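Below is one structure, written out as structure tokens, with a few remarks after it.
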Amino acid sequence: MTDSRWLDSELDSILEGDPELIQLAHLVRAARPEPALDPRFEAVLRAQLMREAARTAPAVTEKKQRIPRQRVARGAWWRSPKPFAWTGAGLGVALAAATVILISKPLQDHQVVTAGSPVAELHQVGADNVITVAFSQPMNHQAVVAGLHIRPATEVSTTWQGNNLLITPTHHLAGNTPYTVTIDRSAAQSASGAVAAADIHISFGTAPTPPPAPSVTTLSTTALGPVDAGTQLIAGPSGSVIATSSTAPQTTPTPPPTATPTTTAAATASATPSATPSAAAPAPLSANSTVLFGSAGTTTLGPAASSAALSSNGLRLVSAVTTASGSQIVLSRVNGGNNTVLTTIGVPVLATGWLSPDTALVAESDRILSIDLQGHVTNLVALPAGTATVVFAPAGGRAFAGSPSADGALYDLAGRDSRVLIGSRTLAAFSGDGKTVAWIDNSSPIARLLTSPVARDQAAVIPLDHPGDSVAALALDQTGARTAIIDHPALGGDQLDINALPSGTLIARGPSGTHPVFTSSGNRIALVSAGGQAETAVLPGGASTTTNVLPDGAAGVLSAFVNAQTGGDPAAIAEYAVPSLPAAAVTPGGLTRAYVISAAVNPDGTVAATARLIIDASATHPLASFADESLTLTPSLSKSAFLVSAITVAPLHDEPVGPHVVHVTPTNVAGALVLQVSFDSDLRPSTVASAISVTTSDGQLLHATTVYDAEQRTAVVTLTVPGDTHVSVTVGTGVLDVDGQALASAFTTAVGG
């Protein structure tokens, strides 16, 4: 008769009273006396048994399979060619088999230490998790902690709760990373002196760290001064704001402008120079004036205007002043001095701008004119019939022309060519640096926001916070990293939305108004309030923005492709690759995670990227395996998206000991390039700065200031080059982790562009 007092009720239920299985369990149990177990160890052991049973149990075809006892004694019964049932006694057999597999060696000597962990072989462990190692008996605390190793190297603190060792990372675990906790066999000593049969390995992987929840800032505005309804606001020099019509008190009066003899509309169509500017006929002044709201007060720049534009060097303002006979084109100096009427045009002016610092632009409804500083007029570009809106790029040389009934066009005024902006009508805006154009697609019932580099036809749709609303105004900041939209909801009043690009994430919201404009310093937004005031508000994040170094749409395709590789879905992989590329065939099987290390734009407009593909460690293979891949993304034939056009995947290898570079991210801080080089390990701070170097694409070594952020495991590298500079980053083997292990080999990648 078998004494069943020691049997677990759950195990007894699983065995279903089968005498042979009960006898087997009894024999296993009788091989050693009952140890003093911590209650949590039993739960951990049961979880391990269930996982092992699920891994080793064959497919279900028979309800029950009897196994000769002599085969059990040889330890080979689970290799029977006949499959077992996954219910009833079949499950009991699998669990018993798992028990033999897991504790067969300890059964030979009841003094041998065993251990387990609830996170063992999991792949989505939270980054803030505390790692628990449950031992089978009371342990020598000092010896165990002395023999503890974590890979990647991680600073930790340890505490004990009974027989459980609690391991708490100092800076949390790194996201999307394979981990292995090892305790040396000789260090896994019980209080009575017993040791483990082998080194204890606990392997797991962490979940990707989710992006922080978007925080929407409510903007608080400050009044600059009263302005007329419909006035235009312009980003002035050094963070100032220019209004084309204001009655605000002025601190610096400016003499009235001089005038040239009136030039007919017909005369302006030729390249014949107009009359020399003269002071004989003063320009008519309205009650209001064009003013500059700056830190030193309000300065009059000239008469009120229907349109005005600041030159790219910030020295001159060109304005269109409405008169009874048409429009006077007035040149003003921002730092004060006399105004000059360059010419008079006998038709209304849609917009003013600049081709270069010494050549102004004027848009009529059917053409764009250039005017040099001596008043010489040239017919530059003919515009389509029905043109109602013209927007000039602040940096000069580009223009958008649109109408309510047809797609608008982007013009390169220096090259005299153009391309259609699909879906655009009358709302468009340029970034302050002139590299990005954005427009509202009103060709369908639901308005959409699109952006594209001005130099390439690569439009991308940006999701709007309220896709069903209409949009009344649009602006881009200096680098194209943020957009301002005056949103007209279907219900309720209009509002100002500030969105991050290219994600479209709403980051700030302000009051209703018109004519939003980002200041040149990048840290403020200005608009005309419903109460007739020019107002400004400080933006969240100041002038520091993450640089979108990739063309619109490329980053999303790159991320989706790598995720498809991790999921092992050939159809999804093929969706993001050109049809001729066997991307699925070269992707290793069994991947558990992957991440993009870096990406950069090539001179031909393609994108080069590197990524790491990973198979987490397991009980059968205690080291994580990885394969690095190189990718090339090319614009699709329609130029509306990117596709992976080339791929090279290195063979799988065990990850080497030491730290690894996991991300290199370029950031634009006040116009300068700042790189964030992130690692998977805690590093020795003193080894970081000297090991990182940055060069230009032609090999010139750049001066860099590097600071290591231990909490983020990130080296912040500040450079003195513009934020969009293409550079090469090298991390040498001098970088050491907290365990003194070096980077296995030098790492080099290109970023920016």
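All of these numbers come straight from a predicted model, not from anything done at the bench.
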Using atom types as modelled and distance alone, determine if a side-chain donor or acceptor of [X] lies under 3.5 Å from a backbone N or O of [Y].
X	Y	result
Ser307	Thr352	yes
Thr725	Pro722	yes
Ser424	Gly408	yes
Arg419	Val454	yes
Ser431	Thr436	yes
Ser246	Ala243	no
Thr483	Ala475	yes
His726	Ala600	no
Thr389	Gly402	no
Ser520	Gly236	yes

Any heavy-atom pair between the side chains of [Y] and [X] that's under 4.5 Å?
X	Y	result
Leu310	Pro237	yes
Ser529	Thr221	no
Thr519	Val241	yes
Leu539	Phe518	yes
Asp433	Gln478	no
Asn499	Leu506	yes
Leu380	Arg416	yes
Val607	Leu558	no

With rounding to the nearest 0.5 Å, note down the distance linking [atom1] in [X] to [atom2] in [Y].
X	Y	atom1	atom2	result
Leu224	Ile242	CG	CD1	12.0 Å
Leu369	Thr378	CG	OG1	8.5 Å
Arg333	Leu317	CZ	CG	12.5 Å
Leu301	Ile234	CG	CD1	9.0 Å
Ile440	Ile485	CD1	CD1	5.0 Å
Leu233	Ile525	CG	CD1	9.5 Å

For [X] against [Y], the heavy-atom pair lying closest together:
X	Y	result
Ile368	Ala399	CD1-CB, 4.1 Å
Gly513	Ile486	O-CG2, 3.4 Å
Gly510	Leu219	CA-CB, 4.1 Å
Pro357	Ser312	CG-OG, 3.6 Å
Ser245	Asn288	OG-ND2, 3.2 Å
Ser418	Tyr411	CB-CD2, 3.5 Å

If the test is side chain to side chain contact (heavy atoms under 4.5 Å, CB included), which one of Asn339, Leu373, Thr343 qualifies with Leu331? Leu373
Which one of Leu476, Ile507, Leu501 satisfies the side chain to side chain contact (heavy atoms under 4.5 Å, CB included) criterion with Arg482? Ile507
I'd like to know whether Ile422 forms a side-chain contact (heavy atoms from CB on, under 4.5 Å) with Asp441, so could you lay out the CA-CA distance, the side-chain angles of the two residues, the decisive distance to 0.1 Å, and finally the verdict. CA-CA 8 Å; Ile422 302 298; Asp441 178 359; 5.9 Å; no
Decide side-chain contact (heavy atoms from CB on, under 4.5 Å) for Leu449 and Leu474; before the verdict, give the C-alpha distance in whole Å, the side-chain angles of both, and the deciding distance to 0.1 Å. CA-CA 10 Å; Leu449 171 64; Leu474 175 68; 4.0 Å; yes
Modelled atom types, side-chain donor and acceptor of [X] and [Y], under 3.5 Å:
X	Y	answer
Thr222	Thr536	no
Ser365	Thr387	no
Thr714	Asp709	no

Between Arg425 and Asp407, does any side-chain N to carboxylate O distance fall below 4.0 Å? yes
Go through the steps for Phe430 and Leu410 under the test side-chain contact (heavy atoms from CB on, under 4.5 Å), then give the verdict. CA-CA 11 Å; Phe430 291 91; Leu410 175 68; 3.5 Å; yes
